[in-house]
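Here is the structure we will look at.
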Amino acid sequence: MQVKLFYISYRNKITSWEQDYLKKISSPIKLEMKPLLSKKSYKRIEDQKRYEGDLFLSGKADISQYHCFDKSGKVLSTEKFANFLNVSQKVTSLFIGGAYGIHNEIIDKASSLISIGKMEFTHELFRIMVLEQIYRVSCIHNNHPFHQI
């Protein structure tokens with residue numbers, strides 16, 4: 001299964017933590033990190049979210065379905081997230097929005113909304129949390145006991 005993780009980034013650099021996870025995540029998951037560099041800053045939050053939504057739409061031209069991370073989404077256990085990725089189409093596209101969230105037009109067109117919880121996190125920490133869950137999904141698929149710890 002192929003997972004494309006799109007995310008708004010304010011610097012075009014993958015952290016060493018993220019690189020460590022990319023090395024640990026193994027077959028059957030092929031993970032691609034897709035940073036969308038947000039170079040502009042708008043005075044109005046809606047304008048910022050629209051701009052970042054446009055970045056996402058232009059970055060996913062070859063994908064017809066995508067899933068967004070949003071506080072209003074469905075909270076999944078690691079096992080249910082593994083089932084979700086397994087049942088999804090061959091390519092699963094996930095999107096993490098910017099500091100102000102995701103524009104409503106993007107959310108409305110999403111196949112589903114996924115939530116990690118109601119708390120707020122920095123972008124870097126949130127991406128690490130998502131990568132941790134994808135790593136645990138790969139452990140589940142490979143019958144590695146780490147996901148049960």
Side-chain angles (χ1 to χ4, degrees), residues 1-39 48-117 119-149:
M1 80 189 68
Q2 184 177 5
V3 177
K4 293 184 180 185
L5 181 60
F6 294 87
Y7 59 95
I8 299 298
S9 180
Y10 303 109
R11 37 185 184 154
N12 201 8
K13 184 178 178 184
I14 293 178
T15 67
S16 61
W17 283 86
E18 292 166 322
Q19 290 173 356
D20 289 345
Y21 272 101
L22 289 172
K23 290 176 191 170
K24 290 192 322 184
I25 294 169
S26 60
S27 181
I29 296 174
K30 181 183 175 193
L31 175 65
E32 291 181 57
M33 302 269 301
K34 301 278 197 174
L36 304 169
L37 192 57
S38 183
K39 298 178 185 178
Q48 186 72 36
K49 288 167 52 173
R50 182 177 302 280
Y51 166 71
E52 292 170 353
D54 290 343
L55 282 176
F56 173 63
L57 291 175
S58 66
K60 65 162 232 39
D62 63 329
I63 299 165
S64 60
Q65 292 186 24
Y66 59 90
H67 312 275
C68 295
F69 285 98
D70 188 79
K71 285 192 293 186
S72 68
K74 184 176 183 178
V75 179
L76 302 175
S77 66
T78 301
E79 289 78 10
K80 287 186 179 179
F81 187 57
N83 289 337
F84 166 79
L85 290 180
N86 197 36
V87 174
S88 293
Q89 59 278 9
K90 290 181 182 179
V91 177
T92 302
S93 296
L94 304 172
F95 179 51
I96 300 171
Y100 300 111
I102 302 172
H103 195 271
N104 287 340
E105 289 179 22
I106 303 298
I107 286 177
D108 292 343
K109 293 178 184 174
S111 298
S112 66
L113 301 178
I114 305 165
S115 174
I116 286 187
M119 294 182 180
E120 302 285 335
F121 302 100
T122 65
H123 289 83
E124 292 83 7
L125 181 57
F126 189 83
R127 280 197 311 273
I128 294 296
M129 292 168 66
V130 171
L131 289 172
E132 171 68 23
Q133 289 307 301
I134 293 171
Y135 167 64
R136 287 182 181 252
V137 167
S138 74
C139 289
I140 289 170
H141 283 286
N142 289 310
N143 294 317
H144 189 286
F146 183 68
H147 76 281
Q148 298 171 355
I149 296 174

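Values reported hereafter were calculated over all heavy atoms of this structure, with side chains retained and with hydrogens, waters and symmetry mates removed. Note that the coordinates shown come from a computational prediction; the quantities given were computed from them, not determined experimentally.
- Put simply, the side chain of D70 never gets that close to the backbone of G101: no donor and acceptor are under 3.5 Å apart.
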Can I116 and V130 be said to form a side-chain contact (heavy atoms from CB on, under 4.5 Å), step by step? CA-CA 8 Å; I116 286 187; V130 171; 3.9 Å; yes

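- At least one side-chain heavy atom of L94 sits under 4.5 Å from a side-chain heavy atom of I114.
- Residues E18 and I128 form a side-chain contact, since some pair of their non-hydrogen atoms from C-beta on lies under 4.5 Å apart.
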Verdict with reasoning, H103 to Y51, per side-chain contact (heavy atoms from CB on, under 4.5 Å): CA-CA 9 Å; H103 195 271; Y51 166 71; over 6 Å; no

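- Not a single donor-acceptor pair under 3.5 Å links the side chain of N86 to the backbone N or O of A82.
- Nearest heavy-atom pair, G98 versus I8, reported as atom, atom and distance to 0.1 Å: N-CG1, 3.6 Å.
- Taking CD of E124 as the start and NZ of K13 as the end, the distance is 11.0 Å to the nearest 0.5 Å.
- Between Q2 and E32, some side-chain heavy-atom pair lies under the 4.5 Å cut-off.
- Between the side chain of H123 and the backbone N or O of A99, at least one donor-acceptor pair lies under 3.5 Å.
- Inter-residue side-chain proximity for K49 and I106 is flagged as unmet; no heavy-atom pair is nearer than 4.5 Å.
- For the pair F84 and H67, the minimum side-chain heavy-atom distance is below 4.5 Å.
- With a 4.5 Å cut-off on side-chain heavy atoms, Q48 and S38 count as touching.
- Side chains of Q133 and T78: a donor-acceptor N/O pair is present below 3.5 angstrom, by distance only.
- Interatomic distance, S9 OG to R11 CZ, rounded to the nearest 0.5 Å: 7.0 Å.
- Here the CD-CD1 distance, from E52 to I102, works out to 9.5 Å after rounding to the nearest 0.5 Å.
- When F56, Y66, F6 are each tested for a ring pair (Phe, Tyr, Trp, His ring centres under 6.0 Å) with F95, only one passes: F56.
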Taking it one step at a time, do M1 and H141 satisfy side-chain contact (heavy atoms from CB on, under 4.5 Å)? CA-CA 11 Å; M1 80 189 68; H141 283 286; 3.6 Å; yes

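- Residues L131 and L5 are in side-chain contact: their nearest non-hydrogen atoms beyond the backbone lie under 4.5 Å apart.
- Atom OG1 of T92 sits about 11.0 Å away from atom CG of L31, to the nearest 0.5 Å.
- Minimum interatomic distance between I29 and S138 (heavy atoms only, all atoms of both residues): CD1-N, 3.7 Å.
- Considering all non-hydrogen atoms of both residues, Y7 and M33 come closest at CE2-CE, 3.6 Å.
- L36 contributes atom CG, which lies 11.0 Å from atom OH of Y10 (distance to the nearest 0.5 angstrom).
- Side-chain contact between I134 and F81 is present, with at least one heavy-atom pair separated by less than 4.5 Å.
- In this structure, Y100 places its OH atom where only 12 or fewer heavy-atom neighbours from other residues, nucleotides or ligands lie under 6.0 Å away.
- Heavy-atom minimum distance, G117 versus S115: N-OG, 3.0 Å.
- To the nearest 0.5 Å, the span separating CD on Q65 from OG on S112 amounts to 9.0 Å.
- Using a 4.0 Å cut-off between charged nitrogen and carboxylate oxygen, E105 and K109 do not count as a salt-bridge pair.
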